[in-house]
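Okay, structure first, notes after.
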Amino acid sequence: MAQYSGQLDGVFVALADPTRRWVIRRLGHGPTSVGDLAREFSMTLPSFMKHVQTLESTGLIHTTKSGRVRTCVLNRDRLAVVDDWLAEQRRIWEERTDRLEHLVTDQQERQQ
């Protein structure tokens, strides 16, 4: 998993912001124009574009421009980096709790 460390850090930084998490959730329903996404927030378009650029630079979304309309599309495969990391953490903690359970069970059996 070490080979994904830089990628994972960037994705977590991008997902740390509630505005960007909302954009990811919204794009989960399908592609949407930047203008439509930005209407949901009380910020200027250039400020909102910084969020879009952060998401795009981490590979979570990609944008295409047709005329004056820039459309955002979610890159679901990029979320797999987070999913893989979470699965690894889940496995580690399940192993630890299993060892703890065995330790407690063994002590209880010895005391009986």
Side-chain angles (χ1 to χ4, degrees):
M1 196 51 149
Q3 72 269 22
Y4 297 114
S5 181
Q7 297 173 7
L8 187 62
D9 291 349
V11 170
F12 276 132
V13 167
L15 294 175
D17 185 274
T19 299
R20 293 190 290 263
R21 286 193 307 272
W22 182 90
V23 169
I24 293 296
R25 272 193 305 275
R26 173 55 191 85
L27 292 177
H29 298 287
T32 306
S33 73
V34 169
D36 287 344
L37 293 169
R39 278 191 203 98
E40 297 294 323
F41 300 95
S42 59
M43 66 178 77
T44 64
L45 187 57
S47 294
F48 185 77
M49 282 302 297
K50 289 180 182 179
H51 291 288
V52 170
Q53 290 166 351
T54 298
L55 291 169
E56 194 166 24
S57 71
T58 59
L60 287 167
I61 68 170
H62 69 273
T63 63
T64 56
K65 190 169 184 180
S66 177
R68 296 181 63 165
V69 177
R70 181 169 295 279
T71 301
C72 299
V73 179
L74 179 63
N75 179 3
R76 294 175 191 278
D77 293 338
R78 190 67 170 146
L79 292 172
V81 173
V82 174
D83 197 33
D84 292 347
W85 183 83
L86 289 172
E88 181 181 4
Q89 297 307 306
R90 189 175 302 112
R91 181 189 54 76
I92 290 168
W93 282 101
E94 285 173 354
E95 288 174 1
R96 289 178 181 176
T97 56
D98 288 347
R99 285 194 309 266
L100 179 60
E101 180 184 11
H102 290 303
L103 177 68
V104 170
T105 304
D106 289 348
Q107 284 181 348
Q108 287 174 347
E109 288 174 359
R110 281 188 222 133
Q111 290 176 355
Q112 291 175 353

Is there a side-chain contact between Ile61 and Val52, using heavy atoms and a 4.5 Å cut-off? yes
Side chain to side chain, Asp17 and His51, heavy atoms closer than 4.5 Å: yes
Under 3.5 Å, side chain of Ser66 to main-chain N/O of Val69, donor-acceptor pair present? no
Is Arg76 reaching over with its side chain to a backbone N or O of Gly28, donor-acceptor style, under 3.5 angstrom? yes
Mind running salt bridge (Lys or Arg N to Asp or Glu O under 4.0 Å) on Glu95 and Arg91 for me, showing each step along the way? CA-CA 6 Å; Glu95 288 174 1; Arg91 181 189 54 76; 3.0 Å; yes
Please round to the nearest 0.5 Å and tell me the distance separating atom [atom1] of [X] and atom [atom2] of [Y].
X: Glu88; Y: Trp93; atom1: CD; atom2: CH2; result: 13.0 Å
X: Thr19; Y: Met43; atom1: OG1; atom2: CE; result: 4.0 Å
X: Ile24; Y: Arg26; atom1: CD1; atom2: CZ; result: 12.0 Å

Looking at every non-hydrogen atom in both residues, tell me the closest pair between Asn75 and Gly59 and how far apart they are. ND2-O, 3.0 Å
For residues Gly10 and Thr58, report the shortest heavy-atom separation together with the two atoms involved. O-CG2, 3.3 Å
Taking atom CZ as the centre, does Arg68 end up with more than 12 heavy-atom neighbours from other residues, nucleotides or ligands that are less than 6.0 angstrom away? no
Here's a test for you: under side chain to side chain contact (heavy atoms under 4.5 Å, CB included), which of Thr54, Val81, Leu27, Leu15 qualifies with Leu60? Leu15
